[in-house]
Structures are given as C-alpha cells and as structure tokens.
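Below is one structure; the comments refer to it alone.
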Amino acid sequence: MEKSGNRDNCFFSRVYEVTRLVPGGRVTSYGAIARYLGTGRSAIMVGWALNKSFSQSPFVPAHRVLNRNGLLTGKRHFGTSTAMQQLLENEGVKVENDKVVEFKKIFWDPSAELNKP
DNA sequence: ATTCTGACAGCAA
DNA sequence: TTTGCTGCCAGAA
C-alpha cells in the first residue's frame, strides 16, 4: 500500500481520504484521524487540512469530523452556524447545543475500523 | 531563514 | 471539578 516515505502530498490527501471513509451517520475525531495518519498528537493538523478540503473534490464530509468532546468545533467554517449541524442531522446524527448526541456510540475510529481484520 | 498561526489533545494547577 | 498552558506538525507571511 502506501509507503511511509510519501511526505509530499500525503498528509492532506490522507485526511481527505480517511474523512470520506467515515460512514454516513457516523463521526470521528481529529485525534483519531491524526493517530491513524501517524501524527498522533498533532490533531490540529487534521483540522488544518480539512480547512483546505473545502476546495477539494469530491466533497469531503468534514462535518463528520469533530473534536474529542464531540463538539462541532469546525461549524464556524461552514459559512453558516447551522450548516454543519444540518448536514449531521441529515445523516441521522442528532446534534444538541452544537454537540453530537451519543458521540461515543456513533464514533468511528479509522485506526480501529480500517485496521480491523 | 525565522515567526506565527491553526476546525486539537493532553497534562498541570 | 473546571480552567489554562504546553506540545505537536505543517503551512503561510
């Protein structure tokens, strides 16, 4: 598969790929993706990459990526304050007070799911 | 080249 | 318990 030497376009592209792998109705966290990418604690980089994802095609479900609290921290980048929430609710994810309900239950960890035998 | 920022996470007080 | 600072990585000025 991918070699560990692809440092050029790896990070951002990988973030997009992993984010697209998140099933509808599920959500993941920056730290989970970061860990899957091998950056571990640099979860902030995932958010930075997702910021660029708005120019990416196809659409990257960045609304499925939240912080470890299950909070819609990135909703402010969606243009409107309700856009991210609307997208999540459209997929069956309940959001209350800018926070995902049952976050742990719908949490999708790429490090676990993609590494699953 | 150096410095700061950034949709976070972890640890200390 | 909550609040705040530091650490992390990569990109932009």
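Each chain gets a letter, A, B and so on, in the order the sequences are listed, and its residues count up from 1.
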Review point. Which pairs, with at least one residue in residues 78-102 of chain A and sequence neighbours excluded, count as a ring-ring contact (aromatic ring centres under 6.0 Å, His included)?
Key: A/Phe54-A/Phe78
Check your understanding: For A/Lys105, which residues count as a salt bridge (Lys or Arg N to Asp or Glu O under 4.0 Å) partner, sequence neighbours excluded?
Key -> A/Glu102
Practice item. Can you tell me which residue pairs pass the salt bridge (charged side-chain N to carboxylate O under 4.0 Å, His left out) test with a partner in residues 43-59 of chain A, sequence neighbours excluded? Key: none
Name each donor-acceptor pair under 3.5 Å that joins a side chain in residues 92-100 of chain A to protein atoms two or more places apart or in another chain, with its distance.
{"residue": "A/Asp98", "atom": "OD1", "partner": "A/Lys75", "partner atom": "NZ", "Å": "3.0"}
{"residue": "A/Asp98", "atom": "OD2", "partner": "A/Lys75", "partner atom": "NZ", "Å": "2.9"}

Review point. Between C/dC9 atom P and A/Ile33 atom CD1, what is the distance in whole Å?
Key: 18 Å
Practice item. For each nucleotide in nucleotides 7-13 of chain B, reading 5' to 3', give B when a protein heavy atom comes within less than 4.0 Å of its base, S when such contact involves only the sugar-phosphate, and - otherwise. Key: BSSS---
Review point. In whole angstrom, what separates A/Arg14's CZ from C/dA10's C1'?
Key: 15 Å
Result block: side-chain N/O donor-acceptor pairs under 3.5 angstrom for residues 37-48 of chain A, not counting sequence neighbours:
{"residue": "A/Thr39", "atom": "OG1", "partner": "A/Ala34", "partner atom": "O", "Å": "2.8"}

